[in-house]
Structures are given as structure tokens and as C-alpha cells.
Amino acid sequence: MENLGTLLGKYGEEGDKLLFKILDSGQKAGIRKNVIRTVAENDCSRLDLIKGEKYPLMMMMTPSEMFSLTEKGLRYDLTVPFARYVVQHQNEITFPFKRYQIQPVWRADRPQKGRYREFFQCDVDVVGSNSLLNEVELINIIDNVFSKLNISVTIKLNNRKILAGIADYIGAPDLITDITIAIDKLEKVGLENVNNELKEKGLSAVAIEKLQPVLLLSGSNTGKLARLKEVLFHSETGLKGINEVEQIFSYLAKTDFKSTLELDLTLARGLNYYTGAIFEVKANDVQIGSICGGGRYDNLTGIFGLPDVSGVGISFGADRIYDVMNQLDIYPNEVITGTQVLIICFGEEEQIYSLPVVQKLRSAGISAEVYPDTAKLKKQMTYANSKNIPWVVLVGEDELKSGNLTCKDMGTGEQRKLPLDEIIKLIVKDIKR
RNA sequence: GUGGAUGUAGCUCAGUUGGUUAGAGCGCUGGAUUGUGGUUCCAGAGGUCGGCGGUUCGAACCCGCUCUUCCACCCCA
């Protein structure tokens, strides 16, 4: 939970709308109690109280009294609260400061496929360094993560300075946000619709005309950059952006890199605080929104009172990455495999006997569990079977007497009575295969 | 926020001129098999048909309201 003040105004107009705001639960307790009682007694909703005239209570209360807001909201991302943290702890932090953070964030959006009200972001940020090496390292992290997960991706790169240069070049620097949002849609809605939207936003015909060659840029990354340089030659910021992108490309060329890297001039990203590089990652084989995004922010800590500290960061969308992996069915085996041995007991006495047994199995590195109820053998076997547990150890009256436990391979159906040590050797050998 | 759908057994879904007792597959439980799963066979349990109201002799089906979930737009992880 954050103060609304730290959250509002950082994500653009749309972002502000998507902030979850917290209802007051303390001060208006008396009124809230009345509302709850009325709702319960009349079997109606709170909305009924507001719109209907059936209930006398509503005559005494305004909607804002029933739903009074606090000054707090749920965090929309991890970057802004992180910037706040950095400012608050600036004296304890050694710069450049690096951190990663995995936590849920919330958006008051209508949920649908690949879009959640609550989801986990995995952030990596470096604050307090202007070096483009940080961008390069972050891109390498992205490449590394997705190759390890076996997800084929395209990393899209752009730079806000280039976008600013373009806005400058067509003579509409104030409209940069509208321009970027419009051209962001190019791939989706086509050139004509983008031009229409630009016109609606108040861009002149001349400006739109000047923008066309930029929108139509295609081909290799180096080709795009060369043409951009010609177009933006008089824009200092634009050239700086181009230069940054070129440098990032040239650094990356020295590293071992597997993903596709693409300079995408239509990549805008709605978050207001980005000032330099911006990234977005798309899965190549699954149609879903971006699974990772990020960029450089020069003045985020400045808003909270620590100017001249630049940062750059990325954020992985964990839930969407699950979605991609689910759809492609590419979870690695060692993640899917759970319990390796199930200990099946016939009664309470056997369960007690198996407690040290399960500990020994575990300390040998075997993942083991005891069936927790004294159910019929058949039921316990079915449990092992449906959970794909490869080994079963049976503990019954005979086993208690002899000390030799029945060990069964669920794949082949073979079973033998062996001392525990032998069983452990057998299973360890099987697991390591 | 705007627009469009959905809701029937634990799950996936059938169910039309509105008509006895609402079905299937899978799953679950029991049995064939007293301490042995995956195959097979037999039997069984499980439903306020999302909720409330209306029309009708009669509603899962028609009408109104409401809740839920999903989809598109917007935007993004």
C-alpha cells in the first residue's frame, strides 16, 4: 500500500484511472456500521442505498460518506515505490544501487485473458548511474531469462529522445504524448487510422505529412538508424537518442546474445516517467501482451526530492510468462516432478514408524511424503498413481516385524522387500538417471 | 469507463414450438480383487438448472432486475 500522492501522476491519465483506491475503514465506522446493517436487514446492495429511495438511511448520507476514500492506494508497479524508497533511504544507499524485487501489483482494470487485476512483477533496476552499460546488462538479463525458460522472444528497443526528436521535427513538441500513443498503435490499426487519430489530436496536415517517412521506416536496425539521422539532423535530443541506441547495439554485439533485437520506432510505452531507452518484450509463439517492459527514467527520484539521479529498470510479468509457458507446455521436468516416494501405511502404528523413515529419505535428497490418513491401500495407491509418484514404500504389519520395507516401482510394477538403506540407494540411483 | 456474451452434477458440456422423474463424458464412492495403482466390468452417490421477481394450468427454456465469469475497445505486465 502506498500513499496516493506518491502514485498519482506518474503513469499518465489512463494509469491514474487504473489505480485502486482504499476505502476508509476507521473514522466513518459509525456510518459504515449503519450501512452494513441496512444492507443486511433489507437484503439489498450498497448501490441500492445510493440509487434507490426505498431506504430511509440514504436520505441522511451522501455516496461519498458511504464510500469515503483514504489517502492510500494499491501499488500500480514496483518502480515508483522503489524510487520513493531510494529517496527516503538516500543516506544509507551506496550508488549505483541495484536491486531486484518480486511482488504483486494491482490495476483497477476489467480483467480478461492475459490481463489481471492483481499480478506479480519481477523488477530489476539500477539507480544512480547514467551509463548505457546498465541498459546492456538489463537486455542481457532479459535474453538470459527467456532463453533459460525456453521462450523465444523479440526484444523491442526504442528511445524517448528519438520520439521527442520526431515531435520536434514535425513542429509539435507539446504533443509528444499523443503522437507516441498514436504511433504505438501502428501495427494494430494501420497507417490510416493512426493518421486520423493524429489529426483528431490537433496535428496539422503538414506535420502529419512530415511524419510519414518516419512511420514507414522499415528494414534493418542500422538502416533505420541511418535514415533517422538524416531526418532528425537538426534535433539535438533526437540525435542523442539515436546515438544511445547505436551505442547499446554496439555493446550488445560484443555479448553472446540469442533473442531477436529490434529497433521499433512505434514502441512508445504509456508510462510517463521514461526519458531514454524503452524496452518491451513479446513472445514469438504466443499471442499475448508484452511479457516484460522497462526503460530509463531520469527524474523519477527528482519528483520525491532527490534530483539528478537517473535510473533504468525492467519488469517481468510473471503471470503472463506462466500463461506463455502453459500454452507452449514447456515447464522443465524438475519443476513438474513433485513427490518421488509415497509412504503408504496400514494404520496409525505404521504412520508413527514411518516418521523417521521419511526424514531419512529426505536427508538423502529424496522428496518423500507419508499419506496422512489411514485409508485403504487401494486409495493410497491411486493417490500415488494420479500424482505420478514414481516410487511407493509400503509399511504394514510384516514390515514392522521384519524391518524390511516393501518398495514398489510404480512404472514397472516390480516390488521387493528391502532394508531402508537399500531402498534409499535404489531410489537415489533411479533419480540421478 | 464503453460495447458484447456467459452461468445446468466436482469438471467439460448436451438439453426448442414451455409439458411427467433434467441428461452424457470424465471424475468421485462401493464392489469384482481380506496387503497393491495404471486396463476392464458391475453398481451407486451427487442438481434450490447463478439469485430474485414476473407471465403461464405448468418455466432450465419466455420477460424484467441483479450478481458472477469471460471477450472486445482503451491501455498495459
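So you know, we letter chains A, B, ... as the sequences are listed, proteins then strands, and number each from 1.
- Within 4.0 Å (heavy atoms only), A:Cys122 reaches no atom of the nucleic acid at all.
- A donor N or O paired with an acceptor N or O is not found under 3.5 Å between the base of B:G38 and the side-chain atoms of A:Asn385.
- Of the two residues near RNA chain B, A:Ala318 and A:Glu14, the one whose nearest nucleotide lies more 5' is A:Glu14.
- For B:G31, one of the phosphate oxygens OP1 or OP2 lies less than 4.0 angstrom from a side-chain nitrogen or oxygen of A:Lys376.
- Across all strands shown, B:C70 pairs with B:G4; the Watson-Crick or G-U wobble distances both stay below 3.5 Å.
- For the pair A:Phe316 and B:A77, the ring geometry does not qualify as stacking, because the centroid separation below 5.5 Å and plane angle under 30° are not jointly satisfied.
- With A:Tyr169 as the aromatic partner, A:Lys210 meets the cation-pi criteria of under 6.0 angstrom to the ring centre and within 45 degrees of the ring axis.
- Nucleic acid contact for A:Leu394: base, since at least one base atom lies under 4.0 Å from a heavy atom of the residue.
- Scanning atom types as modelled, one donor and one acceptor separated by under 3.5 angstrom connect the side chain of A:Arg110 and the base of B:U2.
- Base pairing of B:U21: no nucleotide in any strand meets the Watson-Crick or G-U wobble criterion (both distances under 3.5 Å).
- Nucleic acid contact for A:Gly411: base, since at least one base atom lies under 4.0 Å from a heavy atom of the residue.
- Between A:Phe97 and A:Phe95, the ring planes are perpendicular. Angles over 60° get that label, and only those under 30° would be called parallel.
- Under a 4.0 Å N-O distance rule, the pair A:Lys113/A:Asp323 does not qualify as a salt bridge.
- Aromatic ring orientation, A:Phe146 versus A:Phe316: tilted (interplanar angle from 30° to 60°).
- Within the structure, every side-chain polar atom (N or O) of A:Gln380 is placed at least 4.0 Å from both OP1 and OP2 of B:U36.
- In this structure a side-chain-to-backbone donor-acceptor pair under 3.5 Å is present from A:Glu350 to A:Gly347.
- Using a 4.0 Å heavy-atom distance criterion, A:Gly413 is classed as a base contact.
- Within 3.5 Å, a donor on the side chain of A:Arg320 pairs with an acceptor on the base of B:C76, or the reverse.
- Contacts of A:Gln121 with the nucleic acid, taken as non-hydrogen atoms under 4.0 Å apart, involve only primed sugar atoms and P, OP1 or OP2.
- At a threshold of 4.0 angstrom between heavy atoms, the contacts of A:Lys408 include nucleobase atoms, whether or not backbone atoms are also involved.
- Contact of the A:Pro390 side chain with the A:Met410 side chain is not registered, since no non-hydrogen atoms from C-beta on lie closer than 4.5 Å.
- In this structure, the CG atom of A:Asp109 is 16 Å from the C1' atom of B:U69, given to the nearest Å.
- One can find a donor-acceptor pair under 3.5 Å joining the base of B:C74 and the side-chain atoms of A:Arg115.
- Heavy atoms of A:Glu280 sit nowhere under 4.0 angstrom from any nucleic acid atom.
- Here the C1' atom of nucleotide B:U36 and the CD atom of A:Glu350 are 15 Å apart, to the nearest Å.
- Among the heavy atoms of the strands lying under 4.0 Å from A:Glu399 is at least one base atom, whether or not backbone atoms are also near.
- Take the nearest nucleotide of RNA chain B for A:Met381 and for A:Gly289: the residue whose nucleotide is more 5' is A:Met381.
- Among the heavy atoms of the strands, none lies under 4.0 Å from A:Asp77.
- Within the shown strands, nothing qualifies as a pairing partner of B:U56 under the Watson-Crick or G-U definition with both distances less than 3.5 Å.
- Note on A:Ser386: nothing from the nucleic acid sits closer than 4.0 angstrom, heavy atoms only.
- Base-pair partner of B:A43: B:U29 (Watson-Crick or G-U wobble, both distances under 3.5 Å).
- The separation between A:Tyr116 atom OH and B:U69 atom C1' is 14 Å, rounded to whole Å.
- The residue A:Leu377 sits close to a base: some heavy atom pair falls under 4.0 Å.
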